[in-house]
Amino acid sequence: MQTIKTALLRTLSLFIVWWALTEGDSSGAVFGAVVSLLVALVSIRLFPPGTYAVRPGSYRLRILGVLSFTGHFVGNSVIAGVDVARRLLLPRLPVDPGSLTLTTRLPEGSPRWLLANALSLMPGTLSVNLIDDQLELHCLDQRMPVTAFVRQTEARIAAMYGITPPDDSGAQS
Amino acid sequence: MIEFTIQLVQVLLLITGCLFFAIGTLGLFRFRDTLSRIHALTKVDNLGLGFLVIALLPQVASPTVGLKVLLIWMVALAASATSAHLVARAVVSEQRGTEGGEGPDA
Amino acid sequence: MTLLLNTVAAFLLLTLMIALVRIWLGPDPADRMLASQLFGTTGVALMLVLAEAQAMPALRDVALVLAMLSVLAIAGFVTRVVRIDRSPADD
């Protein structure tokens, strides 16, 4: 039952993408619907529902979490662009680059990669390496409060995936 | 009146977008190390692309075209973040490979 | 508006060309690979603006292909030239 629901949802999403890519041209709609269905079936085979589950079957995107993360992401990527632009336009070029390695608390798979990729578009951080749970960041300015910011982004991603946030917040360095 | 306001906003957004692209290119020249250059290229250029996309949205022929432009924007964002990570990883592994042990900080 | 869009397109082309000079100076291969990322953003912006200015919807497909190819080119580069797949503990 869950599988059929996921298959239908994926077919619908793919068809919306098809519809946008063909700019609403109706002549290809039937073909697009068939392709969407086939791709959805293949995707079910390759990525069964709950592939990235923390506990199998428990993983589902939370709508509110997605909205909250999107807001956080858009706002901060604007700040990031303006911040780098401001530094570049100042004659003395106030940067102090360095690297920093953190231990991420997100589970393996898409949550971790989303964190790494999102941080590259956020103020002052660029993800350089991700080996197991060790996330190496390049910081444009070491004086910025990078760790606190990463923790905040991490919490948003955890909420979005419906992962219970780890309560040992004081135990990490 | 409303049409005029929209056009004014569009013009401002287009100019802002161009400014950010220019600053991104400036970053390629002003920053001394490759990793900092990636910062400039990724963040500043993506913001420029964002402004241009929003400026173009009222201009498109139909809502589906608008949706397509938004889709392209999202693909470009994901592509840029992934590229930044991969090139940064290549730079760091190159540094560690040639010098052995810890690479320099910058 | 069309005139403005054409000016924007010309300006984007100019920044792209200036950036390519920097890429040409290198010196590292990784520095040069930034050209691919550059086409992934500036190139996409240029195509989207031109699609409106010249009323050529096909250019939007070009933009999409540019965005996707830019990341594939870099993925090819980092796995074949620099070999990031080697773990740092190996040597």
Side-chain angles (χ1 to χ4, degrees), chain A residues 13 16-26 29 70 73-101 113-131 135-142, chain B residues 16 19-20 22-51 60-72 75 77-93 96 102-106:
Chain A
S13 318
I16 292 174
V17 171
W18 174 279
W19 186 60
L21 286 183
T22 53
E23 303 186 354
D25 186 2
S26 56
T70 310
F73 174 76
V74 171
N76 279 295
S77 48
V78 172
I79 294 172
V82 174
D83 175 61
V84 179
R86 184 185 59 88
R87 284 168 201 273
L88 272 169
L89 290 177
L90 289 173
R92 61 193 170 84
L93 199 66
V95 292
D96 180 17
S99 70
L100 174 74
T101 305
W113 283 107
L114 182 65
L115 176 71
N117 269 355
L119 284 177
S120 292
L121 292 171
M122 287 185 176
T125 50
L126 172 70
S127 66
V128 165
N129 229 332
L130 179 62
I131 298 169
L135 177 63
E136 188 184 338
L137 296 169
H138 178 264
C139 309
L140 195 57
D141 189 341
Q142 288 170 301
Chain B
T16 317
L19 274 180
F20 274 103
I23 294 171
T25 303
L26 179 72
L28 284 181
F29 288 88
R30 282 204 82 187
F31 281 141
R32 292 275 142 246
D33 53 316
T34 314
L35 287 175
S36 299
R37 278 186 212 128
I38 302 174
H39 275 282
L41 208 53
T42 319
K43 298 182 182 70
V44 182
D45 276 16
N46 269 314
L47 195 54
L49 180 61
F51 280 118
V60 296
S62 70
T64 35
V65 178
L67 191 62
K68 184 175 178 177
V69 172
L70 286 178
L71 205 67
I72 295 173
V75 171
L77 268 183
S80 181
T82 313
S83 305
H85 174 76
L86 288 175
V87 177
R89 186 178 264 215
V91 169
V92 169
S93 80
R96 293 195 184 139
E102 282 295 308
D105 264 356

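Just so we're clear, the structure is a prediction, and the values are computed from it rather than from any experiment. Only heavy atoms go into these numbers, but all of them, side chains included; no hydrogens, no water, no symmetry mates. Every chain is numbered from 1 and lettered A, B, ... according to where its sequence line falls, protein lines coming before strand lines.
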Exercise for the section: Below 4.5 Å from any heavy atom of chain B, which atoms of A/Thr125 appear? Answer side chain, backbone, both or neither. Expected result: backbone

Practice task
Identify which part of A/Val82 has an atom lying under 4.5 Å from any heavy atom of chain B, answering side chain, backbone, both or neither.
Solution key: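 Contact with chain B is through both the backbone and side chain of A/Val82.
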
Problem - Check against side chain to side chain contact (heavy atoms under 4.5 Å, CB included), B/Asp33 and A/His138 - result: CA-CA 12 Å; B/Asp33 53 316; A/His138 178 264; 4.1 Å; yes

Pairwise distance [atom1]([X]) to [atom2]([Y]) - rounded to 0.5 angstrom:
{"X": "A/Leu93", "Y": "B/Phe31", "atom1": "CG", "atom2": "CZ", "value": "5.5 Å"}
{"X": "B/Ile38", "Y": "A/Leu140", "atom1": "CD1", "atom2": "CG", "value": "11.5 Å"}
{"X": "B/Leu47", "Y": "A/Asp83", "atom1": "CG", "atom2": "CG", "value": "11.5 Å"}
{"X": "A/Asp141", "Y": "B/His39", "atom1": "CG", "atom2": "NE2", "value": "10.0 Å"}
{"X": "B/Ile23", "Y": "A/Leu89", "atom1": "CD1", "atom2": "CG", "value": "4.5 Å"}
{"X": "A/Leu119", "Y": "B/His85", "atom1": "CG", "atom2": "NE2", "value": "11.0 Å"}

Exercise for the section: Answer yes or no: is there a donor N or O on one side and an acceptor on the other, between the side chain of B/Lys68 and the main chain of A/Ala20, under 3.5 Å? Expected result: no

Practice task
Spell out, as yes or no, whether a donor-acceptor pair under 3.5 Å connects the side chain of B/Arg30 to the backbone of A/Pro91.
Solution key: yes

Problem - Which atoms of B/Leu77 approach chain A - backbone, side chain, both or neither, heavy atom under 4.5 Å - result: both

Practice task
Below 4.5 Å from any heavy atom of chain A, which atoms of B/Leu67 appear? Answer side chain, backbone, both or neither.
Solution key: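 Both parts, backbone and side chain.
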
Practice task
Check B/Ala40 against A/Leu88 and note the closest heavy-atom contact, atom names and distance.
Solution key: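 Of all heavy-atom pairs spanning B/Ala40 and A/Leu88, the closest is CB-CD1, 4.3 Å.
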
Problem - Nearest heavy-atom neighbours spanning B/Phe20 and A/Gly81 - result: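 Closest pair (atom of B/Phe20, atom of A/Gly81, distance): CE2-O, 4.0 Å.
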
Exercise for the section: Could you walk me through whether A/Val128 and B/Val91 pass side chain to side chain contact (heavy atoms under 4.5 Å, CB included), step by step? Expected result: CA-CA 9 Å; A/Val128 165; B/Val91 169; over 6 Å; no

Exercise for the section: With a 4.5 Å cut-off on heavy-atom pairs, point out which of B/Gly48, B/Gly50, B/Ala84, B/Ser36 contacts chain A the most. Expected result: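 Of B/Gly48, B/Gly50, B/Ala84, B/Ser36, B/Ser36 has the most heavy-atom pairs under 4.5 Å with chain A.
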
Handout entry: Among A/Val17, A/Leu126, A/Asp96, A/Leu130, residue most engaged with chain B (heavy-atom pairs, under 4.5 Å)
Key =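 Looking at each option in turn, the highest pair count goes to A/Leu126.
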
